[in-house]
K.L.:
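Sending over a structure as structure tokens; questions will come in a sec.
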Amino acid sequence: MSGNEDTISNLKAFGPVAAAAKEMADVRATLEPGTRPPAELKDKLNETLKELGGVRIAGRVATPIRGNFVHLTDGREKLQIYAKKGQFTLARNDGGADREPETAWEAWQILDHGDLIGVEGYLFVTNTGEVSVHVERLTFLSKALSPMPDKVHGIEDAEIKQRKRYLDLIASSLRVEMAGEKHELSTRETFEVRAKTISSIRHFLEDNGYIEVETPMLTPKATGAAAKPFKTHHNALDIALYARIAPELYLKRLLVGGFEKVYELNRNFRNEGISYKHNPEFTMLEFYCAYMNVNGMMDFCEKLIQKSVMKATGGLVVEYEGKKINFSKFERIAMRDAIIRHFPERWKLQDQDIPQDLSDPLRLSKFTQYVRRVFIAETDGSLSQHSQSYPLAKQRIWEGVDKLMQTEHESGGEIEQLFDIVVEPNLIQPTFIIDYPKSISPLSKASPEDPQIAERFELFINGMEVANGFSELNDPREQYERFVDQAEARERGDDEAMVLDEDYVRALSYGMPPAAGIGIGIDRLVMLLTNKHSIRDVILFPHMRPERKQEAESTEDDE
RNA sequence: GGUCCGAUAGCUCAGUCGGUAGAGCAAAUGGCUUUUAACCAUUGGGUCCCAGGUUCGAGUCCUGGUCGGAUCACCA
């Protein structure tokens, strides 16, 4: 074996082979079920295939051995092979002369569903019109001791699919589709869409002059985002290290150093909950462009995502959970306007629930908690107890939210909470939310028109945050002050407030060009493109609780 | 962490009122040998997730636990 054998997929895609298969398929489509294609066509195609000469392929036996015919799979595509008693030999493992056809036939008969074999032979079309390989030489490659999964149902148990991804992939390659069945992406195809999405993003960035870099995964400070890190220890240096929660501050150091367009597409780690949209490690694209602002970044982000959607799915409209998501136009709306738009008038609040003084953190917090209760009550159907209250006009909400926006420091978090409750689940079509409160955007430049607003946006699709970008704050003194604010928030018990990075501030003091940057959650984007409802379906080996029995045994053994 | 749902053969699943553990696929043996998921016959295959309890008797009822899924809270 040289590694240069044809793969089944390549062989099937090879011009003359694909053409023959298509010609036969076209004719077969016109036939009554059960009838065979005309022999003249078969003979004609066989002439063509004969001229191609010998083929040499390998793969997994995709169906139980029954008779002379069996399908091989390379994980993506299947190809039928035909072995006739007396017409093929068996290769020996020691490289000696082939075994007799009699022995080869015995070997053929004891092959199992799932075994890996190689065959040499020639292509032909069967009487029923399927392009196949007539085997002249069989090589036994590897044994499958464990039985193969059900060829009709595959593996249905999500836990087994995720824990034994290899088995899930095998199942998806062996699966036989029933006639008339609606085609859903197989596991293999899902990860091919993922790969296409990522490679199209890399191409797009590189075509636009971006250079890919790799910054530290293990960092002395977990900063650049609001999240809890994984902590580890470096023995030789005797220091704590943290798995990075974001590469942002490193990438911006590179802006300082003169990389004007730079990106990193790699893993981030966050020591937080696991859910259908959260995995402890996830893939994030971050890129930065000097001399660009937030608006330019939104334009570019829209094009980038459209391009990758196009490459991965072939269109701009994607069906997700029965909804059509249209990527051809991304709406832009300010956070406060979104809150007003999505705050339905039927949700009534009592006057006493509206704090008069919204700069008082305690009252603010009560206000948002009240709103939360009302919204939760709405979703679980117990709203009636709230519904006879005084009406609160949109104007009143506006005033409340506007006051929130005007209030320094603490209020940003409250507005965001309000936004999360009221707006986020409703953002199904791609929507840029703009004009974020400055206090929750410590790395973002403030708007020249309104000092309380950050030049920041987040992109939401199907109620999920997919991207987060802004005009980068490049004033070292202001950055230092924002870090200090975060440190104060930390003192007050907000353990997700951002950690001060002195060296980053020092880097800024050398002058960072005005720039825009963005982070795009690749896993979530892939979920949307593959119609998967769990992040674990788009990550090959998602994190799961250890299997209890194995854990008990292995920890005993390891100690 | 809260709530709801689930776990039966290698895989997909039935299992009635608490009364001998079932089917299809897969596997083994034989037949067939140009078939299109499933040809014919025969055979083997079970810690019914775990531990208690109720009962003459538990896959089934009760309690606790494990694992998973959905959902809520935190996070991207």
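Numbered from 1 within each chain, the chains take letters A, B, ... in sequence-line order.
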K.L.:
Please determine, for B/U33, whether a Watson-Crick or G-U wobble partner exists with both distances under 3.5 Å, and give it or none.
P.N.:
none

K.L.:
Which base, if any, makes a Watson-Crick or G-U wobble pair with B/U20, both distances under 3.5 Å?
P.N.:
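None - no nucleotide pairs with B/U20, as no candidate has both distances under 3.5 Å.
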
K.L.:
Does A/Phe282 lie flat on the base of B/A76, that is, centres under 5.5 Å apart and planes under 30° off?
P.N.:
yes

K.L.:
Provide the distance between the two C1' atoms, one in B/C25 and one in B/A37, to the nearest whole Å.
P.N.:
10 Å

K.L.:
Using a 4.0 Å heavy-atom cut-off across all strands, classify A/Ala226 as base, sugar-phosphate, or nothing.
P.N.:
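Touches sugar-phosphate only.
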
K.L.:
Expressed in angstrom and rounded to an integer, what is the separation of A/Ile535 atom CD1 from B/U71 atom C1'?
P.N.:
17 Å

K.L.:
In terms of the nearest nucleotide of RNA chain B, which residue is placed more toward the 5' end: A/Glu272 or A/Ser534?
P.N.:
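It is A/Ser534, whose closest nucleotide lies nearer the 5' terminus.
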
K.L.:
With heavy atoms under 4.0 Å as the rule, sort A/Gln162 into base, sugar-phosphate or nothing.
P.N.:
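Sugar-phosphate contact only - A/Gln162 comes under 4.0 Å of backbone atoms but never of a base.
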
K.L.:
Whole angstrom is fine here: how far is it from CD1 in A/Ile81 over to P in B/U34?
P.N.:
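My rounded result for the distance is 15 Å.
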
K.L.:
Counting only side-chain heavy atoms from C-beta out, which of B/G69, B/C75, B/U12 sits nearest to A/Arg536?
P.N.:
B/G69

K.L.:
Side chain of A/Pro64, heavy atoms from C-beta onward: which of B/U34, B/A27, B/U71 has the nearest atom to it?
P.N.:
B/A27

K.L.:
Could you measure between the two C1' atoms, the one in B/A23 and the one in B/C48, and give it in whole Å?
P.N.:
16 Å

K.L.:
Students often get this wrong, so: under 4.0 angstrom with heavy atoms, is A/Asp112 touching a base, only sugar-phosphate, or nothing?
P.N.:
sugar-phosphate

K.L.:
So what does A/Asp157 touch, heavy atoms closer than 4.0 Å: a base, only the sugar-phosphate, or nothing?
P.N.:
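It contacts sugar-phosphate atoms only.
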
K.L.:
So A/Gly154, base contact, sugar-phosphate only, or nothing? Heavy-atom distance under 4.0 Å.
P.N.:
sugar-phosphate

K.L.:
Indicate, with a heavy-atom threshold strictly under 4.0 Å, whether A/Asn279 touches base, sugar-phosphate, or nothing.
P.N.:
base

K.L.:
When you measure from the side chain of A/His278, which nucleotide among B/A26, B/C75, B/U12 comes out closest?
P.N.:
B/C75

K.L.:
Across all strands shown, which nucleotide pairs with B/A58 by Watson-Crick or G-U wobble geometry, both distances under 3.5 Å?
P.N.:
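Check on B/A58: unpaired, no WC or wobble geometry under 3.5 Å.
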
K.L.:
Between B/U29 and B/G6, how far apart are the two P atoms, rounded to whole Å?
P.N.:
41 Å

K.L.:
Nearest of B/U33, B/G69, B/U34 to any side-chain atom of A/Tyr82?
P.N.:
B/U34

K.L.:
Quantified in whole Å, what is the P atom distance between nucleotide B/A21 and nucleotide B/U16?
P.N.:
14 Å

K.L.:
Please report the distance separating the P of B/G65 from the corresponding atom of B/U3, rounded so that it comes out in whole Å.
P.N.:
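Straight-line distance between the two P atoms is 11 Å.
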
K.L.:
Quickly, which of A/Lys532, A/Lys277, A/Arg194 forms a salt bridge (Lys or Arg N to Asp or Glu O under 4.0 Å) with A/Asp523? Name it, please.
P.N.:
A/Arg194

K.L.:
Measure the spacing between CE of A/Met464 and CE of A/Met527 and express it to the nearest 0.5 Å.
P.N.:
4.5 Å

K.L.:
Do we see a donor-acceptor contact under 3.5 Å between the side chains of A/Thr223 and A/Asp501?
P.N.:
no

K.L.:
Take the protein atom CD1 of A/Ile440 and the nucleotide atom P of B/C74, then report the distance between them rounded to whole Å.
P.N.:
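About 14 Å, once rounded to whole Å.
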
K.L.:
Does a donor on one side chain sit under 3.5 Å from an acceptor on the other, for A/Glu472 and A/Ser444?
P.N.:
no

K.L.:
How many angstroms lie between CZ in A/Phe432 and CZ in A/Phe457, if you round to the nearest 0.5 Å?
P.N.:
5.5 Å

K.L.:
Does a side-chain N or O of A/Arg163 approach OP1 or OP2 of B/C67 to a distance below 4.0 Å, or not?
P.N.:
no

K.L.:
Side chain of A/Val176 only, please: which of B/A37, B/A76, B/U33 is the nearest?
P.N.:
B/A37

K.L.:
Remember a base hit wins even if backbone is also touched, and classify A/Lys277 as base, sugar-phosphate or nothing at under 4.0 Å, heavy atoms.
P.N.:
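It contacts base atoms.
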
K.L.:
Any strand counts, and the cut-off is 3.5 Å on both contacts for Watson-Crick or G-U wobble. Which nucleotide pairs with B/U66?
P.N.:
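Checking every strand shown, B/U66 finds its partner in B/A7, with both distances under 3.5 Å.
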
K.L.:
Nearest to the side chain of A/Glu465, heavy atoms from C-beta on, is which of B/G69, B/A76, B/U71?
P.N.:
B/A76

K.L.:
To the nearest Å, give me how far apart CD1 (A/Ile110) and P (B/A28) are.
P.N.:
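The distance from CD1 of A/Ile110 to P of B/A28 comes to 10 Å, rounded to the nearest Å.
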
K.L.:
Work out how far the P atom of B/G44 is from that of B/C50, and round it to whole angstrom.
P.N.:
25 Å

K.L.:
Is the phosphate of B/A26, meaning OP1 or OP2, less than 4.0 Å from a side-chain N or O of A/Lys151?
P.N.:
yes

K.L.:
A/Phe230 has an atom CZ; how far is it from atom P of B/C75, in whole Å?
P.N.:
16 Å

K.L.:
Taking atom C1' in both B/G18 and B/U55, compute the distance separating them and give it to the nearest angstrom.
P.N.:
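Those two atoms are separated by 9 Å.
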
K.L.:
Just verifying a value: how many Å separate A/Leu473 CG and A/Lys438 NZ, rounded to the nearest 0.5 Å?
P.N.:
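Separation between the atoms: 9.0 Å.
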
K.L.:
Base, sugar-phosphate or nothing for A/Glu130? Non-hydrogen atoms, less than 4.0 Å.
P.N.:
base

K.L.:
Taking the minimum atom-to-atom distance to the side chain of A/His113, which one of B/A76, B/U34, B/A26 wins?
P.N.:
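For A/His113, the side-chain atoms sit closest to B/A26.
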
K.L.:
Does B/A27 have a Watson-Crick or wobble partner in any strand here, with both distances under 3.5 angstrom, and which is it?
P.N.:
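Check on B/A27: paired to B/U43, both distances under 3.5 Å.
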
K.L.:
Would you name the heavy atoms of A/Glu264 and A/Arg244 that are closest together and state the gap between them?
P.N.:
OE2-NH1, 2.9 Å

K.L.:
Do A/Glu77 and A/Ser9 meet the criterion of a side-chain donor-acceptor pair at a distance under 3.5 Å?
P.N.:
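No, no side-chain donor-acceptor pair sits under 3.5 Å.
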
K.L.:
Could you check which nucleotide pairs with B/A73 in any of the strands shown, counting Watson-Crick or G-U wobble with both distances under 3.5 Å?
P.N.:
none

K.L.:
B/C25 C1' sits how many Å from A/Glu156 CD, rounded?
P.N.:
13 Å

K.L.:
Rounded to whole angstrom, note down the C1' distance from B/G10 over to B/G64.
P.N.:
31 Å

K.L.:
Could you check how far CG of A/Leu111 sits from P of B/A28, rounded to whole Å?
P.N.:
11 Å

K.L.:
Answer with yes or no whether the side chains of A/Thr73 and A/Arg60 bring together a donor and an acceptor at under 3.5 Å.
P.N.:
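No.
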
K.L.:
To the nearest angstrom, how far is A/Ile274 atom CD1 from B/C72 atom C1'?
P.N.:
17 Å

